[in-house]
Amino acid sequence: MTVTFTREFMLERMFAGDAAFDGLFYTGVTSTGIYCLPSCRARKPLAGNVVFHPCAASARAAGLRACRRCQPDAFQAGVPVEEATFTAALARVDVPGVVSVQALARALNLSGSALHRLFREQFQCSPADWLTRRRVELAAARLLTSADTAAQVAFAVGFGSLSAFGAQFRRVMHLTPQALRAAARAGTLRLTLPAAYPLELVRRDLGRDPLGVTGLVGEDAVSFAWTLPGGPQVVTVQFGGQDATVRPSRPEALSGPDWLALHALAERALGLRGLSRPVPLVPEFFDGLVWAVVGQQVTFQQACTLRRRLVDRCGLPAGNGLSAPPTAQAVAALTPAELGRLGLTGARAALLHRLAGRVSRGELDLAALARGTVGAARRTLLAVPGIGPWTAEYVLLRVLGFPDIVPDTDAALAAALRRAHGLPARPTPAEVQRLLEPFAPHRSHAVLRLWHALPPTQDPHGDTP
């Protein structure tokens with residue numbers, strides 16, 4: 001590639017900060033070693049220090065690095081500059097060293113209102129919730145992997161007092177720091193459910209496949225087969241009052257990382273990941289992708305049948321007649337033809353095989369997507385051949401756990417809204433968005449309730465035409 005404009009013209013457009021030429025050429029500054037978009041609002045360099053490049057790759061090949069202010073690489077990749085700038089700055093924040101939301105705003109050079117707006121738009125949470133969860137996650141890992149006292153852990157991750165640490169830890173993790181550390185001795189995790197926790201809704205959601213081979217729902221307990229770092233285990237969740245007791249079948253085999261993973265799986269399954277409205281998530285990330293693929297344009301019952309066949313083919317036996325969902329590595333080891341013989345169409349078999357390969361090779365990191373911005377997660381998913389809007393929105397809601405998602409092309413959601421509002425016809429995607437707007441920023445929870453409000457004879461989740 002070569003630059004097609006004259007140097008004089010490009011200098012003129014650069015000094016004018018003309019965004020119309022962003023991406024048509026890039027400004028390299030030899031005195032600072034950076035490259036920018038023509039519209040960059042940083043102080044303009046001397047003309048003699050400027051070289052022009054046709055693309056970001058050319059600028060990098062010349063030894064220049066991307067400007068942190070205008071984010072030229074993000075622009076070339078189609079990432080909104082505001083999002084790229086914000087997330088790049090946030091990645092440089094030392095969470096334990098930030099003592100408050102106000103300090104976070106100062107560290108990012110943002111006003112309080114801008115900080116709240118960006119967090120709501122990009123992460124669908126408040127800056128306080130984001131900061132608290134990051135600190136608590138750091139603390140939980142230290143509690144299970146070090147001999148530090150609770151006080152040492154609290155102050156190391158940025159809490160100003162033990163009382164604040166205890167209160168926020170219980171709020172995020174649903175148990176005390178001491179209880180998490182004592183889990184190995186007790187052989188259980190006892191989670192405190194939030195006030196007004198919708199237990200019946202969650203139980204109904206967990207039991208939506210009555211013939212499930214990875215989990216069984218009883219009157220007062222649910223059994224799951226999950227894969228922990230140390231291998232598959234059957235995990236029983238017993239409900240009693242405001243508590244949920246999580247008990248692995250072989251607790252003596254669990255290490256600190258196993259207990260941390262067990263807590264994360266239970267938190268996701270019970271919808272406790274968010275700090276407000278519960279939305280049960282598919283506990284294991286890759287299994288969530290499986291649900292999304294097998295659920296494309298079929299009824300929920302058909303999706304359950306396809307997933308059961310896949311579990312029978314390459315799930316991990318865990319005991320008590322249950323198998324843990326297949327890993328990405330196990331599915332990647334199958335061919336698309338073998339997946340097709342389970343009942344998947346050629347296109348869906350190819351998509352599932354493609355996703356399994358990307359996850360197993362580390363090219364698609366679902367946990368990282370769940371921690372990032374909703375825009376980045378949506379772009380990453382939609383860039384995979386075979387993933388369309390319904391699949392992407394399903395993954396955002398039921399796998400990655402974003403709290404304000406509306407899968408507006410979902411047929412069951414449209415049917416539920418039509419029934420709830422007595423509409424003469426099924427609402428369009430735009431009408432679905434409008435009808436759910438009053439429930440923002442908790443629309444994922446509203447979608448879950450609408451799905452389950454359908455009569456049992458109607459499909460609660462399927463992407464039916």
Side-chain angles (χ1 to χ4, degrees), residues 90-91 93-108 110 112 115-116 118-120 122-183 186 188-197 241-246 256-257 259-279 281 367 370-372 401-404 441-442 444-445:
L90 195 61
V93 168
D94 174 33
V95 169
V98 177
V99 298
S100 65
V101 170
Q102 292 74 20
L104 181 60
R106 289 193 297 271
L108 297 172
L110 292 169
L115 183 74
H116 280 79
L118 284 166
F119 266 100
R120 284 296 180 195
Q122 306 299 339
F123 294 97
Q124 297 192 344
C125 69
S126 70
D129 285 347
W130 182 90
L131 191 58
T132 297
R133 178 165 284 280
R134 293 297 178 271
R135 280 185 179 152
V136 167
E137 287 173 345
L138 291 172
R142 289 181 71 124
L143 285 167
L144 291 176
T145 58
S146 77
D148 292 347
T149 66
Q152 289 171 324
V153 170
F155 297 131
V157 301
F159 285 99
S161 69
L162 277 176
S163 60
F165 172 55
Q168 295 299 341
F169 196 96
R170 289 192 300 273
R171 176 171 171 255
V172 173
M173 299 290 285
H174 306 282
L175 78 174
T176 65
Q178 294 79 8
L180 178 64
R181 178 166 265 176
T188 62
L189 292 169
R190 189 180 297 275
L191 306 180
T192 300
L193 302 176
Y197 179 74
Q242 283 299 113
D243 289 338
T245 302
V246 182
W259 284 106
L260 206 57
L262 176 62
H263 180 278
L265 289 164
E267 182 182 59
R268 288 173 57 81
L270 300 179
L272 300 175
R273 178 70 182 171
L275 296 177
S276 51
R277 309 294 196 279
V279 177
L281 306 179
R371 293 171 63 87
F402 287 98
D404 199 33
H442 307 294
S444 295
H445 181 79

Keeping to residues at least two apart or across chains, list the side-chain hydrogen bond (donor to acceptor under 3.5 Å, both in side chains) pairs with something in residues 259-268.
Glu267-Arg273
Check this for me, if you would: do Asp129 and Arg120 make a salt bridge, where the nitrogen-to-carboxylate-oxygen distance has to be below 4.0 angstrom?
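The answer is no: the pair does not qualify as a salt bridge.
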[Y] side chain reached by [X] side chain, heavy atoms, under 4.5 Å:
| X | Y | result |
| --- | --- | --- |
| Val136 | Arg171 | no |
| Phe169 | Leu143 | yes |
| Pro177 | Val153 | no |
| Leu193 | Leu272 | yes |

Write down the atom of [X], the atom of [Y], and the distance for their closest heavy-atom approach.
| X | Y | result |
| --- | --- | --- |
| Leu162 | Ala151 | CD2-CA, 3.5 Å |
| Ala140 | Leu260 | CB-CD1, 3.9 Å |
| Leu270 | Ala244 | CD1-CB, 4.0 Å |
| Ala139 | Val157 | N-CG1, 3.8 Å |
| Leu144 | Leu180 | CD2-O, 3.6 Å |
| Val279 | Ser444 | CG2-C, 4.0 Å |

Inter- and intrachain pairs under salt bridge (Lys or Arg N to Asp or Glu O under 4.0 Å), touching residues 149-161, at least two apart
none
Name all pairs fulfilling the salt bridge (Lys or Arg N to Asp or Glu O under 4.0 Å) condition that reach into residues 139-150, sequence neighbours left out, sorted by first residue then second.
Arg142-Asp148
Checking [X] now: which residues fulfil side-chain hydrogen bond (donor to acceptor under 3.5 Å, both in side chains) with it, not counting sequence neighbours?
| X | answer |
| --- | --- |
| Ser100 | Gln102 |
| Thr149 | Gln152 |
| Gln178 | none |

Within 6.0 Å of CZ in Arg181, more than 12 heavy atoms from elsewhere
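Counting other residues, nucleotides and ligands, CZ of Arg181 exceeds 12 neighbours.
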Please name all residues satisfying ring pair (Phe, Tyr, Trp, His ring centres under 6.0 Å) with Phe159, sequence neighbours left out, ordered by chain then number.
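For Phe159, the residues satisfying ring pair (Phe, Tyr, Trp, His ring centres under 6.0 Å) (neighbours in sequence not counted) are Phe165.
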Interatomic distance, [X] atom [atom1] to [Y] atom [atom2] [nearest 0.5 angstrom]:
| X | Y | atom1 | atom2 | value |
| --- | --- | --- | --- | --- |
| Arg277 | His442 | CZ | NE2 | 4.0 Å |
| Gln124 | Asp404 | CD | CG | 5.0 Å |
| Thr132 | Glu137 | OG1 | CD | 11.0 Å |
| Leu189 | His174 | CG | NE2 | 12.5 Å |

Under the side chain to side chain contact (heavy atoms under 4.5 Å, CB included) rule, collect the residues that match up with [X], sequence neighbours excluded.
| X | result |
| --- | --- |
| Ala370 | Phe285, Leu400 |
| Ala196 | none |
| Thr188 | Ala186, Thr245, Arg247 |
| Leu90 | Phe86, Val93, Leu104, Leu108, Phe119, Phe123, Trp130 |

Sorted by chain and number, sequence neighbours left out, salt bridge (Lys or Arg N to Asp or Glu O under 4.0 Å) with Arg106 holds for none
Check the pair Thr192 / Arg170 against side-chain contact (heavy atoms from CB on, under 4.5 Å), numbers first and verdict last.
CA-CA 8 Å; Thr192 300; Arg170 289 192 300 273; over 6 Å; no
